[in-house]
2 protein chains.
Amino acid sequence: MNNKSSHLRKYLEPAQGCVCFTIRKSARAITQLYEEALRPTGLRATQFTLLVATRVMGTVTISNLAKGLVMDRTTLTRNMKPLEKKGFIRILPGREDRREREVTLTLAGQKILSAALPLWKTVQQSVVESLGQNRVTRLMKDLSVTIQLAEAE
Amino acid sequence: MNNKSSHLRKYLEPAQGCVCFTIRKSARAITQLYEEALRPTGLRATQFTLLVATRVMGTVTISNLAKGLVMDRTTLTRNMKPLEKKGFIRILPGREDRREREVTLTLAGQKILSAALPLWKTVQQSVVESLGQNRVTRLMKDLSVTIQLAEAE
DNA sequence: TCATTTTATGTGTATATGCTCCTATTATTA
DNA sequence: TAATAATAGGAGCATATACACATAAAATGA
């Protein structure tokens with residue numbers, strides 16, 4: 001046994017068994033598929049998510065939206081920038097509380113979202129078919145528990 | 001039913017059922033836990049991963065390492081920069097093939113890795129305990145299948 | 001051998017991520 | 001009510017991510 005492999009055993013577990021690494025790797029992998037599918041719209045995976053979330057939540061503040069996305073508040077602010085620049089969302093000062101900033105989907109935002117929806121549906125169905133509905137359902141549940149772990153902090 | 005919610009139904013599935021969104025959200029959440037744990041070492045989650053991978057693979061080229069990590073080659077090149085700057089890895093031109101660049105762990109890299117290992121172990125065990133070993137095992141398997149989906153491209 | 005192709009890598013650009021420190025506004029309390 | 005605390009948000013900084021394009025070197029083929 002040479003010097004290189006003498007203590008390798010120690011590092012096989014953090015290499016292969018690390019929950020963080022595996023989830024991050026999977027995030028990179030799955031993002032490839034969705035971004036490939038959304039490319040005709042010019043939307044990134046995150047951007048599609050933000051538009052959908054804004055659509056579902058209606059007019060919403062930065063912090064509330066960030067909580068729902070388990071995303072840092074400052075990250076969300078910056079992620080909104082490209083969408084605002086393209087005119088898909090509008091950010092206005094809160095009327096009741098002037099500290100707040102209210103995010104709203106514009107008409108252009110609704111249009112791009114409508115265009116993106118069938119593309120999302122296609123790749124989503126493709127992924128569900130490849131993985132199998134049972135595995136997807138199970139995976140989503142298990143990931144939800146993982147997410148709650150961080151939310152509990 | 002007002003105008004706002006009239007077609008909301010369409011967007012509940014992409015909001016709650018999107019595999020990409022859920023995995024990415026989970027990646028953000030779990031990364032918080034591991035980076036919090038690794039903070040005393042000054043290593044980010046990705047950096048710890050890169051050091052471990054380099055340790056396990058021994059001297060390795062950028063492209064081969066990128067394949068193993070399911071990470072874009074150019075992403076890996078840039079991710080290596082902070083580690084190189086801190087002296088944890090060394091990148092040298094390939095001796096046989098001068099196009100290649102060989103990544104090696106330095107002594108300082110081995111030291112920081114040794115220091116980080118128990119911190120990783122603690123947070124990993126904590127996560128496994130919180131999620132339950134069964135769920136973790138299942139989750140890792142399901143995520144592996146997801147990763148293979150992108151590798152098949 | 002020399003032209004062509006393939007391979008390994010880097011750069012420019014844009015977005016994604018979150019921590020620390022800062023300001024403005026609202027809420028609380030002495 | 002005035003001082004203080006709490007809250008919402010932004011800016012600076014560093015890292016993470018990957019596509020398009022460019023370069024250098026090795027492999028291939030006529």
Side-chain angles (χ1 to χ4, degrees), chain A residues 20-21 23-36 38-39 42-51 60-67 69-86 88 91-103 150 153, chain B residues 20-21 23-36 38-39 42-51 60-67 69-86 88 91-103 150 153:
Chain A
C20 182
F21 170 54
I23 295 182
R24 287 178 68 88
K25 186 163 59 165
S26 174
R28 288 192 294 271
I30 199 80
T31 300
Q32 294 301 308
L33 299 179
Y34 280 76
E35 297 214 330
E36 167 71 26
L38 290 174
R39 202 151 290 155
L43 290 176
R44 305 289 296 266
T46 296
Q47 296 176 348
F48 176 75
T49 292
L50 294 190
L51 292 182
V60 64
T61 65
I62 298 283
S63 290
N64 283 337
L65 191 49
K67 272 173 204 151
L69 299 169
V70 192
M71 185 180 282
D72 189 85
R73 179 182 56 74
T74 67
T75 300
L76 179 58
T77 296
R78 289 175 215 267
N79 286 350
M80 284 300 187
K81 283 286 157 59
L83 293 174
E84 195 179 15
K85 205 165 91 180
K86 286 172 191 160
F88 297 152
I91 305 184
L92 298 171
R95 279 165 304 243
E96 296 184 5
D97 188 334
R98 280 179 304 170
R99 290 173 301 185
E100 294 180 344
R101 306 255 282 149
E102 294 173 350
V103 182
E153 291 294 296
Chain B
C20 182
F21 170 53
I23 294 182
R24 288 177 67 88
K25 187 164 56 166
S26 174
R28 287 193 294 270
I30 199 79
T31 299
Q32 293 302 307
L33 300 180
Y34 280 75
E35 298 213 329
E36 167 71 26
L38 290 174
R39 201 152 291 152
L43 290 175
R44 306 289 297 267
T46 297
Q47 296 176 347
F48 176 75
T49 293
L50 294 190
L51 293 182
V60 63
T61 65
I62 298 282
S63 289
N64 283 337
L65 191 49
K67 271 174 204 149
L69 299 169
V70 192
M71 185 180 283
D72 190 86
R73 179 184 56 73
T74 67
T75 300
L76 179 58
T77 296
R78 289 177 214 266
N79 286 351
M80 284 300 187
K81 283 286 158 60
L83 292 174
E84 195 180 13
K85 206 165 89 181
K86 287 172 191 160
F88 297 151
I91 306 184
L92 298 172
R95 278 167 304 244
E96 296 184 4
D97 187 333
R98 280 180 304 170
R99 290 172 302 184
E100 294 180 345
R101 307 254 282 147
E102 294 173 350
V103 182
E153 291 295 293

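In what follows, every chain begins at residue 1, and chains take the letters A, B, ... in the order their sequences are listed. Hydrogens, waters and symmetry mates play no part in the numbers below; they use all other heavy atoms, side chains included.
Contacts of T61(B) with the nucleic acid, taken as non-hydrogen atoms under 4.0 Å apart, involve only primed sugar atoms and P, OP1 or OP2. If you check every strand for non-hydrogen atoms under 4.0 Å, S63(A) touches sugar and phosphate atoms only. Among the heavy atoms of the strands, none lies under 4.0 Å from E35(A). T77(A) comes within 4.0 angstrom of sugar-phosphate atoms only, judged by non-hydrogen atoms across all strands, and of no base. Heavy atoms of T46(B) sit under 4.0 angstrom from primed sugar atoms or phosphate atoms, though from no base atom.
Per the geometry, CE belonging to M71(A) stands 8 Å off P belonging to dA16(C), to the nearest Å. What separates CG of N79(B) from P of dT9(C) is a distance of 15 Å, to the nearest Å. In this entry the distance linking CG of L69(A) with C1' of dG18(C) reads 15 Å, nearest Å. Regarding R44(B), its CZ atom lies at a distance of 11 Å from the P atom of dT20(C), rounded to whole Å. Between R73(B) atom CZ and dT11(C) atom C1' there is a gap of 11 Å when expressed in whole angstrom units. One interatomic measurement links the two molecules: NZ of K85(A) to C1' of dT13(C), which rounds to 11 Å at whole-angstrom precision. Rounded to a whole Å, the CG atom of D72(A) is 6 Å from the P atom of dG18(C). Rounded to whole angstrom, the span from the CD atom of Q47(B) across to the C1' atom of dG18(C) amounts to 14 Å.
Minimum atom distance to the side chain of R99(B) is reached by dT7(C), of the listed dT25(C), dT7(C), dG10(C). Of the candidates dT9(C), dC19(C), dG18(C), the closest approach to any side-chain atom of I62(B) belongs to dT9(C).
When side chains are defined from C-beta on, M80(B) counts as touching L65(B), because their heavy atoms get closer than 4.5 Å. A heavy-atom distance below 4.5 Å is not found between the side chains of Q47(A) and L38(A). In this structure, the side chains of N79(B) and M71(B) come closer than 4.5 Å at one or more pairs of heavy atoms. Between T31(B) and T46(B), every side-chain heavy-atom pair lies at or beyond the 4.5 Å cut-off.
If you check distances only, the side chain of R28(B) never reaches the base of dG18(C) with a donor-acceptor pair under 3.5 Å. If you check distances only, the side chain of R98(A) never reaches the base of dT25(C) with a donor-acceptor pair under 3.5 Å.
Look at T75(A) and you won't find any side-chain N or O under 4.0 angstrom from OP1 or OP2 of dT17(C). Checking the phosphate oxygens (OP1, OP2) of dC19(C), a side-chain nitrogen or oxygen of Q32(B) falls inside 4.0 Å.
Residues satisfying the side chain to side chain contact (heavy atoms under 4.5 Å, CB included) test with S26(B), not counting sequence neighbours, are I23(A), L143(A), T146(A), I147(A).
Mapping heavy-atom proximity under 4.0 Å, the span of DNA chain D touched by chain A runs 5' to 3' from dA6(D) to dC19(D).
Comparing R24(A) and E102(A) by the nucleotide of DNA chain D whose heavy atom lies nearest to each, the residue mapping closer to the 5' end is E102(A). Annotation: of the two residues near DNA chain C, E96(A) and A29(B), the 5′-most nearest-nucleotide partner is A29(B).
Using a 4.0 Å cut-off between charged side-chain N and carboxylate O, R39(B) and E36(B) make a salt bridge.
Going from atom NZ of K67(B) over to atom OG1 of T61(B) covers 7.0 Å, rounded to the nearest 0.5 Å.
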Could you list the donor-acceptor pairs under 3.5 angstrom formed by side chains in residues 93-102 of chain A, with sequence neighbours left out?
| from | atom 1 | to | atom 2 | distance (Å) |
| --- | --- | --- | --- | --- |
| R95(A) | NH2 | E102(A) | OE1 | 3.2 |
| D97(A) | OD1 | R99(A) | N | 2.9 |
| D97(A) | OD1 | R99(A) | NE | 3.1 |
| D97(A) | OD2 | R99(A) | NE | 3.4 |
| D97(A) | OD2 | R99(A) | NH2 | 2.8 |

